[in-house]
Number of protein chains: 2
Amino acid sequence: MNQVASSSQLDDLCAILRFPSISTDSRHNADTLACGQWLVNKFNAMGLQAELRPTDGHPVVIAKNNYQTGRTTVLIYGHYDVQPADPLELWHSQPFEPRIEGDKLYARGATDNKGQLMCHVLAAEQLLAGGADLGINLCFLIEGEEEIGSPNLGAFIDRYRDELSCDVILVSDTGMVAAGQPTLSYGLRGIACGELLVKGPASDLHSGVYGGIVMNPARALSQLLAGMHDAGNHIRIDGFYEHVRPLENWERESWAKIACCDNAELQQQVGCSELVCEQDYSAAECLWARPTAEINGIGGGYQGEGSKTVIASQAMAKLSFRLVPDQQPADILDKVEKHFKKYAPQGVSIEFVRGHDGQPYLADINSKYAQEVKQALQEEFGREAVLIREGGSIPIITTFQQKLGVDSLLIGLALPDCRIHAPNENFSLTNFYKGIALSANILTKFAKLH
Amino acid sequence: MNQVASSSQLDDLCAILRFPSISTDSRHNADTLACGQWLVNKFNAMGLQAELRPTDGHPVVIAKNNYQTGRTTVLIYGHYDVQPADPLELWHSQPFEPRIEGDKLYARGATDNKGQLMCHVLAAEQLLAGGADLGINLCFLIEGEEEIGSPNLGAFIDRYRDELSCDVILVSDTGMVAAGQPTLSYGLRGIACGELLVKGPASDLHSGVYGGIVMNPARALSQLLAGMHDAGNHIRIDGFYEHVRPLENWERESWAKIACCDNAELQQQVGCSELVCEQDYSAAECLWARPTAEINGIGGGYQGEGSKTVIASQAMAKLSFRLVPDQQPADILDKVEKHFKKYAPQGVSIEFVRGHDGQPYLADINSKYAQEVKQALQEEFGREAVLIREGGSIPIITTFQQKLGVDSLLIGLALPDCRIHAPNENFSLTNFYKGIALSANILTKFAKLH
């Protein structure tokens, strides 16, 4: 399939990418809603019955065909919201005006998740062309709050639990270990977020007049943050590793063979002078099966042009912890808060504000659905799929498992250089078209299962 | 003197406070220039010969009477520029619209330095009324770049060295230890500023996809900043204390008797849960005679609403070091840079960008000019003046000593709760009127010296 022959598919992808559907920023609420409505219109035009269903936050798009008993019921999950685009000055083109260069389409959301979700949408459109019967029961569930931790999707699933009942869930919101190497992910890290506030003097102080007798909140914050790791890059929070399930031998052995997980390749991807891993673990193990403690943002005092000789009254850090089975987000946040309160320096008070969280996930890689997906991956990409876990978090996948009792199969189409969450995010056009073919292949195989 | 009788003096103070003459922010260049021009007009109206003299930055205001040989030549220094007013949301009224409440006048620059400098301007106006002869040679030098470290004043003094030749310099840009307690300062801390940049991955990374294999620049920054102090609050930078002159016994003894330097009083002023001082030194000693390492600003990653699961490619901290005799700013910045380069964690690179600096200062407290000032302070405030050093830095004072060979006498009119450099900066109206009387008294005494 070439680009010219598929211009309407590419047009659709560009159309959805033009919405700045930034769910975390309330100034973009209208854009986010408009993006959901665009999907509803698209699904209805394809011949599905689609609608926006309200939540306490951004609405969910539901689109279904007419269910028939005795057929495999497939739920396809995706999200139409995106991360903020800043820092804007580092983009080479406008984040919400798609730009094609070679095999890459550049835009915020190109890979995460609009590009990948549109592969499934356009596969269904192709299979439905001319009023054809899919041979399966198909339901799309596309939410608008994944990037803020899907705060309302749990309640949504509870409310529509019977209607959402299904045999298997397909999700493309993960990565391929390399271009051309089909990849099936069976695990995800969980996440627990929080913001650490350090408060010192009642108001900002002149650093000359008062410097030397007060604990500077930015210094106290630095001490607390520096204390989260030891020299071997282990996390020093008491009990942090208590519930971490050890890696299995087959995982360590098979991952060691994945060429693109070697340090030189990864170092090239991240553009660092050297990788800094947890002692005694390989890079792949650190990414997929070890927890982390990261600073996502830090701020305090004067950050503008020039200088200001001030001791700011407070400083803050936005933190996130990636979790692995069987760590529990609430338990981890308890331990983190206890740690900060225990080690808070004299002369400041601290506050730990909890953010969104999601549980880690492991799927059954031997189910009949997983076998069909592996087969389709091999057929479309011409190589056997590798089985990996993912470093990222899709908390809702665990929620699906808990509330619907169904595994999600994670068919990643993101490439290592796709820059999701960063400036110049992009999606491979090759993967876009192969992704459409792959989804059509999988749905066709599922139709034959019953 | 009461407020009603002095309304034109108060009007003048309010007029100069309305200029947002923020020297560090180039968006306010026109406001800064207008403020200097206002002073020129004021001086000319008083009967002095005044003009704006250009520099490579903001211009200097020079105003003089007709010099006569055999008279004492007095130079009065001040600055018409102010600190930025942010965070604006913490002000109870507009920072550039003066507001009076009780004895306080609230505005950015109220104390630092417009209020204090206007005491001298209005004293001269009073003495010159009706075309009277001052009996001294008087020169005002009011610069517009004190808050950014007076980068062009050294060259200015070199250029006009002969014209600026004088016997003594008066400066009111320091504090009183308590309301009603006249205070003469004979020492100032120096300053050395710099910005520490920590650079890691080539671009921002998704903290799920890549968390666990890269050194987060915000973590590296925290480690470097946390490493600047030990548990006793001593600075751990190699050689930092090498040239620090020990305190003299009379200083330690007399400072210990100043009631308002006790910890409870200071703690009340800064509004902290407890003071955090360098081990083995009193609070007054830490403020006036011990060097510091402060973080004035820290920033990196996402600081907006909600969360963003990102490892930012860089993080930065704005730092300033307060110095005491005989530390040298360039030597200290060398040591700081060496320290950061030595301790930079693996996987990041660091850059240290030097900012403005100024040398520490000690004056001869036994000169005839100092004796007259002490006498005038006692007459106007009804109590013997205390002799202290100041925690803040006025780098130009050292420059005057070096280039003109003259001491500056620091007659502080700032009160402990004046909140300079912070929201709700204010000036005591009592000190404003006493300051005018004090300046007139000193100039009259100086006229009798020759």
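Below, chain A is the first sequence line, B the second, and so on; all start at residue 1.
- Residue A:Met228: no heavy atom, backbone or side chain, is found under 4.5 Å from chain B.
- Between chain B and the residues A:Ser273, A:Ser207, A:Ala218, the most heavy-atom pairs under 4.5 angstrom are made by A:Ser207.
- Annotation: side chain of B:Asn296 is not in contact with side chain of A:Lys308 (no heavy-atom distance under 4.5 Å).
- Using a 4.5 Å cut-off between heavy atoms, A:Ser222 contacts chain B through both its backbone and its side chain.
- B:Ile388 places a side-chain heavy atom less than 4.5 Å from the side chain of B:Val177.
- Ring planes of A:His206 and B:His421: tilted class, angle from 30 to 60°.
- Heavy-atom distances place no part of A:Leu90 under 4.5 Å from chain B, backbone and side chain included.
- For the pair A:Leu323/A:Arg189, no side-chain contact is recorded, criterion being any heavy-atom separation below 4.5 Å from C-beta on.
- With a threshold of 4.5 angstrom between heavy atoms, A:Ser320 approaches chain B through side-chain atoms but not through N, CA, C or O.
- With a 4.5 Å cut-off on non-hydrogen atoms, A:Lys318 touches chain B through its side chain but not through its backbone.
- In the model, B:Glu278 has no side-chain atom that pairs as donor or acceptor with a side-chain atom of B:Asn233 under 3.5 Å.
- Salt-bridge check for B:Arg419 with B:Glu425: failed, with every basic side-chain N at 4.0 Å or more from each acidic carboxylate O.
- No other option in B:Glu147, B:His229, B:His356 has as many heavy-atom pairs under 4.5 Å with chain A as B:His229.
- A donor-acceptor pair shorter than 3.5 Å can be found between the side chains of A:Glu390 and A:Ser185.
- Of the listed residues A:Ala422, A:Pro423, A:Ser349, A:Gly300, the one with more heavy-atom pairs under 4.5 angstrom with chain B than any other is A:Gly300.
- Only the side chain of B:Ile191 comes within less than 4.5 Å of a heavy atom of chain A; its backbone N, CA, C and O stay farther away.
- For a residue to count as touching a neighbouring chain, one of its non-hydrogen atoms must lie under 4.5 Å from one of that chain's; by this rule A:Ser26 touches chain B with backbone and side chain alike.
- Counting heavy-atom pairs closer than 4.5 Å to chain B, the top residue among A:Asp204, A:Ile295, A:Leu319 is A:Ile295.
- Looking at heavy atoms from C-beta onward, B:Cys272 lies out of side-chain contact with A:Met215 at the 4.5 angstrom threshold.
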*List the steps and the verdict of side chain to side chain contact (heavy atoms under 4.5 Å, CB included) for B:Val310 and B:Leu205.*
CA-CA 6 Å; B:Val310 72; B:Leu205 299 174; over 6 Å; no

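- By the salt bridge (charged side-chain N to carboxylate O under 4.0 Å, His left out) test, B:Arg219 pairs with no residue at all, sequence neighbours left out.
- With a 4.5 Å cut-off on non-hydrogen atoms, B:Ile148 does not touch chain A at all.
- If you tally non-hydrogen atom pairs under 4.5 Å between each of A:Ala414, A:Pro291, A:Ala202 and chain B, the highest count goes to A:Ala202.
- For B:Pro84, the parts sitting under 4.5 Å from any heavy atom of chain A are the backbone and the side chain alike.
- For the set A:Gly301, A:Pro217, A:Gly212, the entry with the most heavy-atom pairs within less than 4.5 Å of chain B is A:Gly212.
- Among A:Leu275, A:Val270, A:Thr292, A:Ile420, the residue with the largest count of heavy-atom pairs under 4.5 Å with chain B is A:Val270.
- Of the N and O atoms on the side chains of B:Tyr210 and A:Gln269, at least one donor lies less than 3.5 Å from an acceptor on the other residue.
- Salt bridge absent: B:Glu285 and B:Arg290 never bring a charged side-chain N and a carboxylate O closer than 4.0 Å.
- When heavy atoms are compared at a cutoff of 4.5 Å, A:Ala312 does not approach chain B at all.
- Across B:Lys199, B:Glu305, B:Gln83, the residue that shares the most heavy-atom pairs under 4.5 angstrom with chain A is B:Glu305.
- Proximity to chain A (any heavy atom under 4.5 Å) is shown, for B:Asn424, by neither the backbone nor the side chain.
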